[in-house]
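Structure, as structure tokens:
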Amino acid sequence: MLPVQLIRQKRDGGALADGELRAFIAGVTDGSIPDYQVAAMLMAIVWRGLDDRELATWADAMTRSGEVIDLSRIARAKIDKHSTGGVGDKISIPLAPAVAACGVAVPMVSGRGLGHTGGTLDKLESIPGFRVNLPVARFAELVDQLGVCLIGQTAEIAPADRRLYALRDVTGTVESLPLIASSIMSKKLAEGIDGLVIVCKVGSGAFMKTLADARALCALMRAIGQRAGKRVTCVLTDMNAPIGRTIGNALEIRESIELLRGGGPADSRELTRVLGGEMLVLGGVARDAADGEAQIERALADGRALEVFRKVVEAQGGDPRVCDSPGSVLAKPAHREPLALPPGRIVAIDSEALGLAALVLGAGRQKRDDVIDPAAGLVVDAYLGEVIAADAPPQIVLCHNLGAGDPRVADARARIERAFTIQPADQPFAPPPASRVLEVLR
């Protein structure tokens, strides 16, 4: 195989044979195809796309470029969840133990935050001692014993994806839907799962700005999963406002513990219930979504989900006291600065701006080697449609460990103030949707 011939063929709109696609991914994995030719193929795919067969083969070759975890000895159905990312999205943390408490195993390989969206691994690592870098054998052992384990991508899982993603990031080829779909699905299929629930965020704070784009991406991911013999459900959710009341790592762990205790903000609880219900349906332990949601609610209310999480924290090296007294375990900020919004009705919230404000305070990273401050972030008690009275208490709290007069604090405050669009309370206003869930594609 000459890579340049395949590049020309795809550039000119031709289809590549399965063997050609697999050989190209093999060359990506072992480094025998240089970066400039890989980048050229990526751009050809951006322009010409991949048909259903090509996409399924490309994704399968990426999946098999490294180790495919064998979880066949685990009797329970193995169902994971993937989110396309969002501000304040801590749902995986209460969701995984709740689903495990209901009898479905959750082998979850998660990611870190980059830019304005947080990562599940960073949030878990704000629990002192919690280890996300476990050997694959230990990962499989804990999934078998506890029903759930949460780790990061290992060097053995889909190595072709790591190289392709790094090149996409610097060659203007990130936005291709086939490349996004194959990147997501290759990692998930390498986990040894039976099924997957994909949460596709839609709106101003999401990568997918429109329902049409979200549906198109979900159709590709479902096609890849179905060709691999996996059950895939996609849940499209609203990302025009942050999820829950907190943005930041230790802050979101605290909110997750609230959810595991049967409380928490209404939108975070709804997403945990709905996504968990769909996972239980795929796992064969719920008759339908309503039955699955009821089971998740019971697991949260009666403490079973919290007990599973306690065992996971302890097994992965964390301090299990976080489940009973998070304030005594989690990092606390040196400064908690209130910020009051002007009076009026909140008619729009720029979630990305809030995520970037939390990042500026230390809650996120702009480069992969930046060090995160687990205590930094925002508490946000302001919602779409809410009317703020002139004498109302401050709605935002900035949490940080920055020094007095640090310009990053002023930067964060300015971003927060710009994030909220507020109009007079007596002007006409279309209320936001009552539910975060926009569509479910089964």
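These numbers were taken from a predicted model, which means no experiment stands behind them. Hydrogens, waters and symmetry mates are skipped; everything else that's a heavy atom, side chains included, is used.
Under 4.0 Å is where a charged nitrogen must lie from a carboxylate oxygen, and between Arg418 and Asp350 no such pair does. Ion pairing of Asp161 with Lys187 is present here, as a side-chain N (NZ or NE/NH1/NH2) and a carboxylate O approach within less than 4.0 Å. A salt bridge does not link Glu125 to Arg131: none of the charged nitrogens lies less than 4.0 Å from a carboxylate oxygen. Salt bridge status for Asp381 with Arg245: absent, with no side-chain N to carboxylate O gap under 4.0 Å. One finds no salt bridge joining Arg168 and Glu175 here, because no Lys/Arg side-chain nitrogen approaches an Asp/Glu carboxylate oxygen to under 4.0 Å. Glu439 and Arg215 are joined by a salt bridge, as a carboxylate oxygen and a charged side-chain nitrogen come within less than 4.0 angstrom of each other. Remark: Glu293 engages Arg273 in a salt bridge, criterion side-chain N to carboxylate O under 4.0 Å. For the pair Arg227 and Asp60, the salt-bridge criterion is not met [side-chain N within less than 4.0 Å of a carboxylate O]. Checked for salt-bridge contact, Asp144 and Arg76 miss the test: no charged N lies under 4.0 Å from a carboxylate O. Between Asp213 and Lys209 there is no salt bridge, since no side-chain nitrogen of the basic residue lies less than 4.0 Å from a carboxylate oxygen of the acidic one. A salt bridge is defined here as a Lys NZ or Arg NE, NH1 or NH2 lying under 4.0 Å from an Asp or Glu carboxylate O, and Arg261 with Glu258 fails to meet this definition.
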Arg413 vs Leu398, test: side-chain contact (heavy atoms from CB on, under 4.5 Å). Steps then yes/no.
CA-CA 8 Å; Arg413 293 178 76 92; Leu398 289 74; 3.5 Å; yes
Show your working on side-chain contact (heavy atoms from CB on, under 4.5 Å) between Ile79 and Val99 and close with a plain yes or no.
CA-CA 9 Å; Ile79 309 296; Val99 170; 5.8 Å; no
Applying side-chain contact (heavy atoms from CB on, under 4.5 Å), run through Val312 and Cys149 and close with a yes or a no.
CA-CA 7 Å; Val312 169; Cys149 184; over 6 Å; no
Residue pair Asp89, Lys201: steps toward the salt bridge (Lys or Arg N to Asp or Glu O under 4.0 Å) verdict:
CA-CA 10 Å; Asp89 185 2; Lys201 305 291 198 310; 2.7 Å; yes
Do Lys230 and Ile224 pass the side-chain contact (heavy atoms from CB on, under 4.5 Å) test, and can you show the C-alpha distance, the side-chain angles, and the key distance before you say yes or no?
CA-CA 9 Å; Lys230 310 299 181 182; Ile224 292 171; over 6 Å; no
Between Arg442 and Glu278, is a salt bridge (Lys or Arg N to Asp or Glu O under 4.0 Å) present by the stated rule, with each step listed?
CA-CA 9 Å; Arg442 301 183 179 93; Glu278 295 293 341; 2.5 Å; yes
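Listed for the Asp238 side chain is no donor-acceptor partner under 3.5 Å among the backbone atoms of Pro433. A side-chain donor-acceptor contact under 3.5 Å links Lys332 to the backbone of Gly327. Panel note: side chain Arg231, backbone Gly225; no donor-acceptor pair is recorded below 3.5 Å. A donor-acceptor pair is defined here as one N or O able to donate and one able to accept, closer than 3.5 Å; such a pair exists between the side chain of Ser182 and the backbone of Leu179. Using a distance-only test at 3.5 Å, with no hydrogens or angles considered, a donor-acceptor pair links the side chain of Asn401 to the main chain of Ala334. Lys90 places a side-chain N or O within 3.5 Å of a backbone atom of Ile243 that can act as its donor or acceptor partner.
The minimum heavy-atom distance linking Leu167 with Thr173 is given by the pair O-OG1, 4.4 Å. Here the closest non-hydrogen pair linking Pro242 and Asp267 is O-OD2, 3.8 Å. Gln395 approaches Leu341 most closely through the heavy-atom pair OE1-N, 2.7 Å. Considering every non-hydrogen atom in both Ile257 and Cys323, the closest pair reads CG2-O, 3.8 Å. Of all heavy-atom pairs spanning Val308 and Ala101, the tightest one is CG2-CB, 4.0 Å. When all heavy atoms are compared, the tightest approach of Leu260 to Pro97 is CD2-CG, 3.9 Å.
Between Thr120 and Ile93 the shortest side-chain heavy-atom distance falls below 4.5 Å. Using a 4.5 Å heavy-atom threshold, the side chains of Ile127 and Val313 count as touching. Using a 4.5 Å heavy-atom cutoff, the side chains of Leu438 and Leu211 are in contact. With a 4.5 Å cut-off on side-chain heavy atoms, Leu150 and Val148 count as touching. Side-chain contact between Thr237 and Cys200: absent, with no pair of heavy atoms (C-beta onward) separated by less than 4.5 Å. Tyr383 has its side chain out of reach of Ile349: every pair of non-hydrogen atoms, C-beta onward, lies at least 4.5 Å apart. Arg22 is listed as a side-chain neighbour of Thr57, based on a closest heavy-atom distance under 4.5 Å. Taking 4.5 Å as the limit, every side-chain heavy atom of Cys399 sits out of range of all side-chain heavy atoms of Leu361.
Here His82 pairs with nothing under the ring pair (Phe, Tyr, Trp, His ring centres under 6.0 Å) rule; sequence neighbours left out.
Between Asp80 and the options Leu282, Val197, Leu196, a side chain to side chain contact (heavy atoms under 4.5 Å, CB included) holds for only Leu196.
In Arg64, the CZ atom is not crowded: 12 or fewer heavy atoms of neighbouring residues, nucleotides or ligands sit closer than 6.0 Å.
Side-chain atoms of Thr246 and Glu252 form no donor-acceptor pair, as typed in the model, at a separation below 3.5 Å.
Applying the side-chain hydrogen bond (donor to acceptor under 3.5 Å, both in side chains) rule to pairs touching residues 303-317 yields Asp302-Arg304, Glu307-Arg310, Arg310-Asp324, sequence neighbours excluded.
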